[in-house]
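Have a look at the structure below before the remarks.
What you see is a predicted model, and the numbers here were worked out from it, not measured in a lab.
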Amino acid sequence: MKVLLVEPDTILAKTYTTALETAGHHVVRVVSAQTAVRAADTSTPDVIVLSLGIARHNGAEFLYEFKSYPEWQPVPVVLLVPRLAFDLGDPVALRDQLGVQAVLVRSQTTLVQLCDAVLAAGEQGAP
């Protein structure tokens with residue numbers, strides 16, 4: 001499965017990439033919304049793993065922009081959030097309009113759980 005990982009933290013990005021690649025996924029790692037859009041233009045991902053703390057845009061702004069393109073609307077998303085209390089807005093809108101399949105709290109999520117969430121999101125997003 002092709003995974004677009006949008007994570008500005010270099011250490012976390014390397015850790016997530018290693019775990020996802022070990023689980024058999026092909027990972028394209030980017031640090032910003034702009035590079036994420038370019039990467040998706042080159043090769044539409046099967047799943048996006050998105051940190052909400054990306055540069056210039058926050059992750060939610062990027063997600064709304066990304067999902068405004070019809071060809072990317074079916075791509076499922078796994079959100080990485082800093083804490084559970086983070087205000088994500090309407091959970092139904094996140095799921096139905098923005099394709100968010102899972103919301104994972106970094107400090108409470110293992111690498112195995114991340115890989116499982118990516119696999120499940122890819123299976124749910126598959127036509």
Side-chain angles (χ1 to χ4, degrees):
M1 189 172 332
K2 291 181 291 185
V3 177
L4 176 58
L5 173 62
V6 187
E7 173 58 66
D9 183 286
T10 303
I11 294 171
L12 287 175
K14 286 180 183 178
T15 302
Y16 296 154
T17 298
T18 299
L20 291 166
E21 287 177 343
T22 300
H25 304 294
H26 170 74
V27 179
V28 174
R29 189 175 83 200
V30 298
V31 298
S32 70
Q34 185 177 16
T35 55
V37 169
R38 276 194 237 123
D41 265 340
T42 303
S43 176
T44 300
D46 297 310
V47 176
I48 295 173
V49 176
L50 174 64
S51 170
L52 288 183
I54 59 177
R56 295 195 187 172
H57 290 84
N58 69 36
E61 290 171 338
F62 162 74
L63 188 54
Y64 277 99
E65 180 182 342
F66 186 83
K67 290 297 185 160
S68 72
Y69 296 93
E71 65 271 23
W72 294 333
Q73 287 175 0
V75 177
V77 176
V78 174
L79 283 181
L80 293 169
V81 298
R83 61 189 180 282
L84 194 54
F86 194 93
D87 182 19
L88 295 172
D90 180 9
V92 174
L94 282 172
R95 184 183 64 245
D96 295 344
Q97 296 172 8
L98 299 176
V100 173
Q101 298 295 324
V103 178
L104 305 176
V105 178
R106 282 188 179 160
S107 63
Q108 300 172 4
T109 302
T110 67
L111 294 173
V112 170
Q113 290 169 323
L114 172 63
C115 292
D116 289 347
V118 167
L119 181 61
E123 290 172 352
Q124 290 176 4

All side-chain contact (heavy atoms from CB on, under 4.5 Å) counterparts of [X], not counting sequence neighbours:
| X | value |
| --- | --- |
| Leu12 | Glu7, Asp9, Tyr16, Arg106 |
| Thr15 | Ile11, Leu111 |
| Ala117 | Val78, Ala102, Leu104 |

To the nearest 0.5 angstrom, please state how far the [atom1] atom of [X] sits from the [atom2] atom of [Y].
| X | Y | atom1 | atom2 | result |
| --- | --- | --- | --- | --- |
| Leu114 | Leu80 | CG | CG | 6.0 Å |
| Thr17 | His25 | OG1 | NE2 | 12.0 Å |
| Asp116 | Thr109 | CG | OG1 | 11.0 Å |

Quick check: do [X] and [Y] have side-chain heavy atoms less than 4.5 Å from each other?
| X | Y | answer |
| --- | --- | --- |
| Ile48 | Val6 | yes |
| Gln113 | Gln108 | no |
| Leu63 | Val100 | yes |
| Ser32 | Pro8 | no |
| Val3 | Val28 | no |
| Leu5 | Val30 | no |
| Val47 | Val75 | no |

Short question: side chain of [X], backbone of [Y] - any donor-acceptor pair under 3.5 Å?
| X | Y | value |
| --- | --- | --- |
| Lys67 | Trp72 | yes |
| Thr42 | Arg38 | yes |
| Ser68 | Glu65 | yes |
| Lys2 | Thr44 | yes |

Looking at every non-hydrogen atom in both residues, tell me the closest pair between Ala121 and Pro76 and how far apart they are.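 Heavy-atom minimum between the residues: O-CG, 3.2 Å.
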Should Met1 and Leu4 be counted in the same cluster of Ile, Leu, Val, Met, Phe, Trp and Tyr side chains packed under 4.5 Å apart? no
When clusters are formed by joining ILVMFWY residues with side-chain heavy atoms under 4.5 Å apart, either directly or through shared neighbours, do Phe66 and Val27 land in the same one? no
